[in-house]
Protein chains: 2
Amino acid sequence: MSTADTQALELSALVLGAANTLVDGIHSGVVARGFDDLRPAHGFAFARLAPDGATVGELAEHLGVTKQAASQLVEELVGKGYVERQPHPFDARARLVVLTEQGSACTRAADAAAADVVRPWLNQLGAKRMRALRDDLAKIAARGHLRPTW
Amino acid sequence: MSTADTQALELSALVLGAANTLVDGIHSGVVARGFDDLRPAHGFAFARLAPDGATVGELAEHLGVTKQAASQLVEELVGKGYVERQPHPFDARARLVVLTEQGSACTRAADAAAADVVRPWLNQLGAKRMRALRDDLAKIAARGHLRPTW
DNA sequence: CTATGTAGTCAAGTGGCTTGACTAAGTATG
DNA sequence: CATACTTAGTCAAGCCACTTGACTACATAG
């Protein structure tokens, strides 16, 4: 196996490990802040709904699941008070799913939890290399090599 | 929200996106190489079994599932010819799960697929920053801020 | 030798997801 | 406008990876 391949393997493992740490850490932080009836999958939904809401179909595509699954997820979140369905402004077939105040509070909690996870990384690497890390990953993403869902 | 928090959010999204790209890309590459009866979860199992095999319990802990689930996964992989159970050298209760030749071939395919995913990153960033990226992630991991499962 | 702990499997139940079928509303064609 | 087609969403049923609970076989401490 070539050196480049070995490097690729190491990098893969590290990226996957970092992602794992993030998902677990964010979830733990969200739970610790009182939102204990949510799972990581809900966070990925919130990320799509956060700015201006989304339709069930858009959410489904973002999550990589069927519309039916997304619809069920929305129904669950409605029941728990995190989101609500509104009539779509332009398309009477569609319904706009938006965060409630509770949902917004949860996304703020998730943001804070993410910061908690990343903070030790910042302390370890320093601000300069941290920026470089972010910029390099952004460069990769900008070239379309990352899925647009996140 | 502070600047550091914004940076943390961006970084989180980028890392998660990169991980997503890796998982999808590796899986696609493995399927394309003829191992089309496997799912990403099997790859995570192979990663633990690859060097010297592991017990069902060890595999379960690595994957973050129950022993029963791991046992079922092993049973499935046995049926497909990727792994086999051997008597454990020291503990008659335990059984050592090891890769078959087919299983090893699959891990090599996964390695190659990972390299395929990472290669465009290397081309985009250059060797120097690529090394820096890996080293920084390794530094973070070395401090125990990443889950040891990967 | 006995009691407790550990490795693994069997059995049954669960929950998130899928496919399939359907209604309501938009859109394009004549 | 009238018909055919597409799209947004839900309802219903089934699937499958995972869970909890119960159990056997072996190990280990007292």
Side-chain angles (χ1 to χ4, degrees), chain A residues 20 23-24 27 30-31 35-49 52-80 82-99 147 149, chain B residues 20 23-24 27 30-31 35-49 52-80 82-99 147 149:
Chain A
N20 227 331
V23 171
D24 286 356
H27 181 242
V30 167
V31 168
F35 304 96
D36 57 351
D37 55 353
L38 295 176
R39 289 170 295 102
H42 298 128
F44 288 89
F46 284 11
R48 180 66 182 82
L49 300 176
D52 303 298
T55 65
V56 166
E58 290 166 347
L59 185 59
E61 187 176 9
H62 172 78
L63 297 175
V65 298
T66 60
K67 286 186 302 178
Q68 294 91 322
S71 186
Q72 287 172 13
L73 193 117
V74 167
E75 187 56 35
E76 181 189 353
L77 290 175
V78 166
K80 290 177 175 170
Y82 290 101
V83 307
E84 60 185 8
R85 302 184 213 253
Q86 292 180 355
H88 194 283
F90 299 119
D91 191 336
R93 296 171 302 177
R95 314 177 69 178
L96 200 59
V97 181
V98 297
L99 295 181
R147 274 182 61 186
T149 50
Chain B
N20 227 333
V23 171
D24 285 356
H27 180 242
V30 166
V31 168
F35 303 96
D36 58 351
D37 54 354
L38 294 176
R39 289 171 295 102
H42 297 131
F44 288 90
F46 284 11
R48 179 68 181 80
L49 300 176
D52 304 298
T55 65
V56 167
E58 290 166 348
L59 185 60
E61 187 175 9
H62 173 76
L63 296 176
V65 299
T66 59
K67 285 186 302 178
Q68 293 91 321
S71 185
Q72 287 173 12
L73 191 110
V74 167
E75 187 56 36
E76 182 188 354
L77 291 176
V78 167
K80 290 177 176 170
Y82 290 102
V83 307
E84 60 186 8
R85 301 182 214 253
Q86 291 179 353
H88 194 283
F90 300 119
D91 191 336
R93 294 171 303 178
R95 314 176 69 178
L96 199 59
V97 181
V98 297
L99 295 180
R147 274 182 62 185
T149 50

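To find a chain, count down the sequence lines: A is the first, B the second, and so on, and within it residues start at 1.
- When all heavy atoms of B:Ala45 and B:Leu73 are compared, the pair lying nearest together is CB-CD2, 3.6 Å.
- Helix-axis bend for the helix from C:dC1-D:dG30 to C:dG30-D:dC1: the local axis fitted to the five terminal pairs at one end deviates from that at the other end by 30°, rounded to 10°.
- For the OP1/OP2 pair of C:dA7 and a distance below 4.0 Å, the side-chain nitrogens and oxygens of B:Arg85 include no atom meeting the criterion.
- The two residues A:Pro40 and A:Val23 have their closest heavy-atom pair at CB-CG1, 3.9 Å.
- Between the CZ atom of A:Phe90 and the P atom of C:dT27 there is a distance of 12 Å, given to the nearest Å.
- When rounded to the nearest whole Å, the span between CD of B:Gln86 and P of C:dA7 equals 19 Å.
- Straight-line distance from the CZ atom of B:Arg39 to the P atom of D:dC16: 10 Å, rounded to whole Å.
- At whole-Å resolution of the value, NE2 in B:His88 and P in C:dT6 are 16 Å apart.
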Donor-acceptor pairs under 3.5 angstrom involving side-chain atoms of residues 86-96 of chain B: please list them, not counting sequence neighbours.
{"unit_1": "B:His88", "atom_1": "ND1", "unit_2": "B:Phe90", "atom_2": "N", "d": "3.1"}
{"unit_1": "B:His88", "atom_1": "ND1", "unit_2": "B:Asp91", "atom_2": "N", "d": "3.2"}
{"unit_1": "B:Asp91", "atom_1": "OD1", "unit_2": "B:Arg93", "atom_2": "N", "d": "2.9"}
{"unit_1": "B:Asp91", "atom_1": "OD1", "unit_2": "B:Arg93", "atom_2": "NE", "d": "3.1"}
{"unit_1": "B:Asp91", "atom_1": "OD2", "unit_2": "B:Arg93", "atom_2": "NE", "d": "3.4"}
{"unit_1": "B:Asp91", "atom_1": "OD2", "unit_2": "B:Arg93", "atom_2": "NH2", "d": "2.8"}

At under 4.0 Å between heavy atoms, how does the protein contact nucleotides 18-23 of chain C? Give one character per nucleotide, 5' to 3', with B, S or -.
BBB---

Checking B:Arg39 against B:His42 for the side-chain contact (heavy atoms from CB on, under 4.5 Å) test, could you report, in this order, the C-alpha distance in whole Å, the side-chain angles of both residues, the deciding distance, and whether it holds?
CA-CA 6 Å; B:Arg39 289 171 295 102; B:His42 297 131; 3.5 Å; yes

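- Taking every side-chain heavy atom of A:Thr55 into account, D:dG9 is the closest of C:dT9, D:dA27, D:dG9.
- Regarding A:Glu58, its CD atom lies at a distance of 13 Å from the C1' atom of D:dG9, rounded to whole Å.
- If you take CD of A:Glu61 and C1' of C:dC17, they are 18 Å apart, rounded to a whole angstrom.
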Are B:Val83 and B:Leu49 close enough, and set up right, to give a side-chain contact (heavy atoms from CB on, under 4.5 Å), and what steps lead you there?
CA-CA 9 Å; B:Val83 307; B:Leu49 300 176; 3.8 Å; yes

For nucleotides 1-5 of chain C, tabulate all protein N/O to nucleotide N/O atom pairs closer than 3.5 Å, reporting atom names and distance.
{"unit_1": "C:dG5", "atom_1": "N2", "unit_2": "B:Arg93", "atom_2": "NH1", "d": "2.9"}

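- In this structure the side chain of B:Val74 reaches within 4.5 angstrom of the side chain of B:Leu59, judged on heavy atoms.
- Looking only at distances, a side-chain donor or acceptor of A:His62 sits under 3.5 Å from a matching main-chain atom of A:Phe44.
- The minimum heavy-atom distance between A:Gly53 and A:Val98, with the atom names listed, is CA-CG1, 4.0 Å.
- Along DNA chain C, the nucleotide closest to B:Gly57 and the one closest to A:Glu76 are compared, and the more 5′ of them pairs with B:Gly57.
- For the atom pair OG1 of A:Thr55 and CD of A:Glu61, the computed distance is 9.5 Å after rounding to the nearest 0.5 Å.
- Close to C:dA24, at under 4.0 Å from its OP1 or OP2, lies no side-chain N or O of A:Arg95.
- For the pair B:Ser71 and C:dT9, the criterion of a side-chain N or O lying under 4.0 Å from OP1 or OP2 is met.
- Side-chain atoms of B:His27 come within 3.5 Å of backbone atoms of B:Leu38 as a donor-acceptor pair (strictly under, hydrogens ignored).
- Taking the side chain to side chain donor-acceptor pair (under 3.5 Å) definition, one finds that A:Glu75 meets it with A:Arg85, sequence neighbours left out.
- One can place CD of B:Glu75 at 13 Å from P of C:dA11, the figure rounded to the nearest angstrom.
- Straight-line distance from the CG atom of A:Leu73 to the C1' atom of C:dC17: 11 Å, rounded to whole Å.
- Residues satisfying the ring pair (Phe, Tyr, Trp, His ring centres under 6.0 Å) test with A:Phe46, not counting sequence neighbours, are A:Tyr82.
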